[in-house]
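Notes to accompany the following structure.
Computed from a prediction, not measured in an experiment: that's the story for all the values here.
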Amino acid sequence: MEYLPSRTERRIKHALIVLTVVALILLVFLYLRPDIRLSLGHRLGIVPGAVAEQIAGPDEARLIVISTPVPTEYTGDRYRYEARYVLHSGSPLTLTDLRDGRTIPLPLQGTTDVADMQVRIAEDRSRLLLQSDAGTAIVDLTSSEVTPVAEEPPGTWSDDVYIRDDRCSGASPNDQWTLCLAFGRSNSRFVLGDWELRIRPYGTGGDWTRLYRGRGLLPIVGFSSDEQNVYVYNEHGIWRVPVE
């Protein structure tokens, strides 16, 4: 006699089919949306970054990190990284000093796109030169005083404002921390995100503390002057990550 499944068995079978289809749709959706995948990882505590604060979205602002060379006896210069300014899009353009929180209007009219602005640094690394189709201004790095100029001032100016010496050698302004931008195994991307920011006490060889998992291009990274936060910037925006 041929066995016929009961009504309950048929319902269970149908439910399993529906659940399987839903699970496959969800997996495909998460595969196609790495931003949602990473956000879930942050919220669930699977990857570090739940406490990070996004302070600017894509195309809203630009982070200016100053790399300060420190001579060493045998290996050449090493670098300290300070997140110094946030350059905001808009009319007028504004510059926020991350040391004291002041927001300074820039005397540059006719442009609102920070991506079009060229940022250069003086040879002695004491001043920034901001240039766009709207004009030119100099920012004194000691006082944050902004001075408009009619043309490029004399002297040597370099594009090397931010120098990425190595992914795992940058120091904080007072040499309290060393930062590292890490990838997955064999330098591959992670399933949740593309890279991970890590720190450890400067001059030690201990374990790294995982601070933030992010996605997109390898970011520009710098510490706050008090070394209590790390600022991260790439095409997806700017984040402030507390050092815990």
Test side-chain hydrogen bond (donor to acceptor under 3.5 Å, both in side chains) on E227 and S172 and set out the steps.
CA-CA 6 Å; E227 303 181 325; S172 57; 2.7 Å; yes
In a table with atom names and distances, give each donor-acceptor pair under 3.5 Å that connects a side chain of residues 177-184 to protein atoms at least two apart or in another chain.
none

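- Connection of Y79 to V70 is not established within any shared hydrophobic cluster, with ILVMFWY side chains joined at heavy-atom distances below 4.5 Å, either directly or through further cluster members.
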Let me see the working for L128 and Y85 under side-chain contact (heavy atoms from CB on, under 4.5 Å), right down to the final yes or no.
CA-CA 11 Å; L128 289 179; Y85 297 106; 4.0 Å; yes
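- D175 has a carboxylate O that lies under 4.0 Å from a charged side-chain N of R78, or vice versa, which qualifies the two as a salt bridge.
- Of the possible donor and acceptor atoms, one in the side chain of R62 sits under 3.5 Å from a partner among the backbone N and O of V114.
- Annotation: D100, atom CG; neighbour count of heavy atoms from other residues, nucleotides and ligands within 6.0 Å is above 12.
- Heavy-atom minimum distance, S225 versus E82: CB-OE2, 3.4 Å.
- S67 meets the side chain to side chain donor-acceptor pair (under 3.5 Å) test with no other residue; sequence neighbours excluded.
- Remark: side-chain polar atoms of Q54 are paired, donor with acceptor, to backbone N or O of H236 under 3.5 angstrom.
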Output, in order, the C-alpha distance, side-chain angles, deciding distance and verdict of side-chain contact (heavy atoms from CB on, under 4.5 Å) for Y231 and Y81.
CA-CA 10 Å; Y231 289 83; Y81 296 95; over 6 Å; no
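- Between L192 and R37, the closest heavy-atom pair is CD2-CG, 3.2 Å.
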Is there a side-chain contact (heavy atoms from CB on, under 4.5 Å) between Q131 and M117? Walk through the geometry before answering.
CA-CA 6 Å; Q131 294 177 299; M117 180 168 290; 5.8 Å; no
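- Dense packing is recorded around CZ of R102, with more than 12 heavy atoms of other residues, nucleotides or ligands lying under 6.0 Å away.
- Under the 4.5 Å side-chain contact rule for hydrophobic residues, F223 and L218 share a cluster.
- Here CG of D226 is found 11.0 Å from CZ of R99. Values are rounded to the nearest 0.5 Å.
- L95 and V161 fall within the same hydrophobic cluster, where Ile, Leu, Val, Met, Phe, Trp and Tyr residues are linked whenever their side-chain heavy atoms come under 4.5 Å apart, directly or through other members.
- Side-chain atoms of N234 come within 3.5 Å of backbone atoms of L217 as a donor-acceptor pair (strictly under, hydrogens ignored).
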Before you tell me yes or no, could you show the steps for R84 and S144 under side-chain hydrogen bond (donor to acceptor under 3.5 Å, both in side chains), namely the whole-Å CA-CA distance, both residues' side-chain angles and the distance that decides it to 0.1 Å?
CA-CA 10 Å; R84 186 59 201 276; S144 290; 3.3 Å; yes
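- Every residue two or more places apart in sequence or in another chain that forms a side-chain contact (heavy atoms from CB on, under 4.5 Å) with T103 is listed here: T94, T96.
- Note on I66 and L106: same hydrophobic cluster, where clusters join Ile, Leu, Val, Met, Phe, Trp and Tyr whose side-chain heavy atoms are under 4.5 Å apart, directly or indirectly.
- Here the side chain of T136 pairs no donor or acceptor atom with the backbone of L129 at under 3.5 angstrom.
- Rounded to the nearest 0.5 Å, atoms CD (E196) and CH2 (W208) are 11.5 Å apart.
- Without hydrogens or angle criteria, D140 side chain to E145 main chain gives no donor-acceptor distance under 3.5 Å.
- In summary, of the residues considered (N229, L211, V230), a side chain to side chain contact (heavy atoms under 4.5 Å, CB included) with P242 occurs for N229 alone.
- Hydrophobic clustering, with ILVMFWY side chains joined whenever heavy atoms are under 4.5 angstrom apart, groups L130 together with I104.
- A donor-acceptor pair is defined here as one N or O able to donate and one able to accept, closer than 3.5 Å; such a pair exists between the side chain of H42 and the backbone of R213.
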